[in-house]
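Just so we're clear, the structure is a prediction, and the values are computed from it rather than from any experiment.
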Amino acid sequence: MPADVHAVAEPARSEQQDIYAVIDLGSNSFHMLMVKVVGGSVQVIGRVKRKVRLAAGLNENLVLSRRAMKRGWECLALFAERLQDIPPQNVRIVGTATLRLARNVKTFLHDAEHILGHPIRVISGEEEARIIYLGVAHTSNCEQNRLVIDIGGASTEIIIGKGFEPLKLSSLHMGCVTFLDAYFADGLLTEDNFNAAIAAAEQTLAPILAEFTELGWQVAVGASGTVQAMQEILIAQGLDETITLQRLEAIMQQAVVCGRQDQLSLIGLAQERRQVFPSGLAILIALFRALGIKGMTLSGGALREGVLYSMLPQLQESDVRHRTMASLMVRYHIDQQHANRVADMAQSLAQQLSPRWSLTAFDGLGLLHGAALLHELGLLIEYKNHHHHGAYIISHSDLPGFTRAQQQLLMALVHNHRADINRELIAKQTMTSVLLTVRLTRILRLAVVLSMRRRHEALPNVTLSGKGEQLVLQLPAGWLDQHPLMRAELEQEVQYQQAAGWELELQ
């Protein structure tokens with residue numbers, strides 16, 4: 001009987017060869033991320049997060065309390081169950097600031113490694129910053145200098161990089177747990193407490209300001225729970241996803257009105273984030289003031305993703321968006337030749353309109369190209385409502401290389417690439433103007449209709465012109481008479497656009 005059980009168990013382990021797990025032993029929370037490699041991309045199959053607040057157990061002598069260790073071990077016992085069937089070579093576990101600082105760290109690690117059955121690597125602050133940047137680079141698209149900030153429980157990492165190369169790294173001894181204990185220990189949310197925390201963070205930042213501001217950046221992203229919480233609050237309060245100093249200070253005033261930590265109630269603030277949010281907010285305000293940050297959005301990944309991609313050399317594609325698109329096209333069996341045909345037609349039409357229509361703002365042309373490639377994403381489900389199915393898939397998928405707002409614009413374009421136009425989806429876009437969304441939608445719809453024969457030699461030579469928002473589509477003389485089905489489809493498109501209040505004329 002045992003032999004039979006063993007024979008069944010062995011293949012089970014082999015079936016997990018494409019499953020990977022990363023555990024991050026942070027100063028505030030312990031996280032476990034599990035993914036499966038599917039179609040040239042990663043698919044998240046599990047996330048486990050537990051608030052351990054390890055940093056709260058570190059005393060002035062840098063000795064970690066037994067109580068804090070016990071909280072950590074209890075959490076790791078939960079993680080250990082999920083690791084049993086994953087090949088050891090597919091598991092990475094890293095410890096960060098508190099474990100770097102604790103003088104008695106070996107005591108914690110001895111029992112922790114015994115519980116998990118895997119080694120734990122405690123990484124330096126500089127190494128943590130480097131890995132965080134790689135996690136951002138592998139999940140976000142940016143060709144300019146990028147400032148990355150990650151506020152942890154006991155440290156804050158600041159990085160400037162370009163592409164996949166970090167150019168300047170710093171890890172500072174300030175975090176949302178340590179600042180909570182130092183400046184909000186009385187449980188009061190007063191301006192004095194906030195100002196003291198902000199001043200302390202600015203003082204900690206002072207030694208690195210010159211070198212970071214001298215190097216400079218064009219895009220700023222945040223990779224921490226504090227930044228995610230801020231973005232959730234802004235969206236819940238009817239604003240877009242961009243974090244600014246003015247908005248941070250307004251949220252701080254809302255917190256001050258609440259008066260006490262245990263009475264903190266902000267629209268959009270999740271209950272689990274409430275405890276360390278004020279201290280994280282104070283650090284974020286200091287970063288904005290000291291570095292002169294104009295605006296910040298949330299990154300798609302950080303430390304865990306950086307560790308993960310280091311295990312996946314087959315996914316080291318430098319163009320993050322290309323990797324995402326290629327994966328989706330394989331997973332959903334999209335006709336790649338036709339998708340590229342529609343994308344080329346959309347680009348041709350956009351180029352004709354570019355002198356008078358501003359299409360390059362907010363990466364408009366890049367998102368138009370992406371929507372064209374994915375416009376048939378929902379065909380795998382069924383034809384009649386495939387534009388709705390495709391939009392749903394986009395809206396509910398992880399899309400490395402696209403911010404959440406860019407993802408929502410892709411969703412709106414795919415939803416509106418055919419049939420009736422949903423103006424409400426267009427009006428809800430936060431990353432760009434309604435006008436630009438309308439223009440991209442109109443171009444995509446025409447590109448889809450003009451490519452309907454699905455043959456390159458059947459594509460007509462067209463000219464798209466007009467005045468203001470009026471469009472005139474000119475086709476070769478006699479072409480419409482020779483192609484009655486295409487004529488009917490284009491005439492139907494004229495009606496769809498006119499019903500939406502957009503003027504389109506065929507010639």
Step through the shown structure and confirm whether more than 12 heavy atoms of other residues, nucleotides or ligands are within 6.0 Å of CD on E211.
yes
What pair of heavy atoms forms the shortest contact from P87 to Q17, and how long is it?
CG-NE2, 3.6 Å
Side chain to side chain, F288 and E249, heavy atoms closer than 4.5 Å:
no
If you round to the nearest 0.5 Å, how far is CG of L99 from CZ of R121?
13.0 Å
Nearest 0.5 Å, what's the CG-OG distance between L101 and S27?
7.5 Å
Check the orientation of F108 and F30. Use parallel for under 30°, tilted for 30 to 60°, and perpendicular for over 60°.
perpendicular
Keeping the roles fixed (side chain from S140, backbone from A137), state whether a donor-acceptor pair exists under 3.5 Å.
no
Heavy-atom closest pair, residues L328 and I334:
O-CD1, 4.3 Å
Under 3.5 Å, side chain of H396 to main-chain N/O of Y392, donor-acceptor pair present?
yes
Which atoms form the tightest heavy-atom contact between D150 and A223, and what is the distance?
OD2-O, 3.2 Å
E113 side chain to I120 backbone, donor-acceptor under 3.5 Å
yes
Salt bridge check: are E424 and K428 linked by an N-O gap of less than 4.0 Å?
yes
If we ignore hydrogens and angles and just use 3.5 Å, is the side chain of Q407 paired with the main-chain N or O of D398 as donor and acceptor?
no
Would you mind checking if K162 and E165 are paired as a salt bridge, meaning a charged N to carboxylate O distance below 4.0 Å?
no
Could you tell me which non-hydrogen atom of A427 sits nearest to which non-hydrogen atom of V434, and how far apart they are?
CA-CG2, 4.0 Å
R146 side chain vs W217 backbone, donor-acceptor pair below 3.5 Å:
no
Any chance you could lay out the side-chain contact (heavy atoms from CB on, under 4.5 Å) test for L33 and V307, step after step, and finish with the verdict?
CA-CA 10 Å; L33 170 68; V307 174; over 6 Å; no
Side-chain heavy atoms of I93 within contact of L116, under 4.5 Å
yes
Would you mind reporting whether L281 and L248 have side-chain heavy atoms less than 4.5 Å apart?
yes
Is it true that atom CD of Q246 has more than 12 heavy atoms of other residues, nucleotides or ligands lying nearer than 6.0 Å?
no
Is the number of heavy atoms from other residues, nucleotides or ligands within 6.0 Å of CD1 (I267) greater than 12?
no
Side-chain contact, heavy-atom cut-off 4.5 Å: R321 with Q406?
yes
Verify, without hydrogens or angle tests, whether T156 (side chain) and L172 (backbone) share a donor-acceptor contact under 3.5 angstrom.
no
For E81, does the CD atom sit with more than 12 other heavy atoms under 6.0 Å from it, leaving out its own atoms?
no
Atom pair CD1/CE of I198 and M252 - distance to nearest 0.5 Å
5.0 Å
Just do the side-chain contact (heavy atoms from CB on, under 4.5 Å) check on I149 and V227 with the steps written out, would you?
CA-CA 9 Å; I149 288 173; V227 174; 5.7 Å; no
Heavy-atom side-chain proximity of I426 to N422 below 4.5 angstrom:
no
Considering only distance and modelled atom types, tabulate donor-acceptor pairs under 3.5 Å from the side chains of residues 268-276, sequence neighbours left out.
residue : atom : partner : partner atom : Å
R273    : NH1  : G225    : O            : 3.3
R273    : NH2  : Q228    : OE1          : 3.4

N61 side chain to V63 backbone, donor-acceptor under 3.5 Å:
no
Residue pair H389, L380: steps toward the side-chain contact (heavy atoms from CB on, under 4.5 Å) verdict:
CA-CA 9 Å; H389 303 314; L380 188 64; over 6 Å; no
How about E74: does its CD atom have over 12 heavy atoms from other parts shown lying under 6.0 Å from it?
yes
NE2-CZ distance between H31 and R304, expressed to the nearest 0.5 angstrom
4.5 Å
F277 and M230: which non-hydrogen atoms are nearest, and at how many Å?
CZ-SD, 3.8 Å
L374 vs M325 side-chain heavy atoms within contact, under 4.5 Å:
yes
Side chain to side chain, I132 and I159, heavy atoms closer than 4.5 Å:
yes
CD of E143: more than 12 outside heavy atoms within 6.0 angstrom?
no
Ignoring hydrogens and angles, tell me if any N or O in the side chain of N145 forms a donor-acceptor pair with the backbone of G216 under 3.5 Å.
yes
Step by step, would you call T107 with R66 a side-chain contact (heavy atoms from CB on, under 4.5 Å)?
CA-CA 10 Å; T107 302; R66 187 77 181 180; 4.1 Å; yes
Heavy-atom closest pair, residues G401 and V320:
N-CG1, 3.5 Å
For I158, does its backbone N or O pair with a side-chain atom of S170 as donor and acceptor, under 3.5 Å?
no
Taking C-beta and beyond as the side chain, do I393 and V414 meet within less than 4.5 Å on heavy atoms?
no
Rounded distance (nearest 0.5 Å) linking atom CD of E127 with atom OG1 of T96
12.5 Å
Would you tell me whether Q237 and Q254 have side-chain atoms, one donor and one acceptor, within less than 3.5 Å of each other?
yes
Validation: residues 177-184 side-chain donor-acceptor distances under 3.5 Å, sequence neighbours left out:
residue : atom : partner : partner atom : Å
T178    : OG1  : G175    : N            : 3.1
T178    : OG1  : G175    : O            : 3.1
D181    : OD1  : R53     : NH2          : 3.4

Which residues pass the ring pair (Phe, Tyr, Trp, His ring centres under 6.0 Å) test with H173, not counting sequence neighbours?
none
Give, for atom NZ of K168 and atom OH of Y133, the distance between the pair rounded to the nearest 0.5 Å.
14.5 Å
Side chain of T441, backbone of T437: donor and acceptor closer than 3.5 Å?
yes
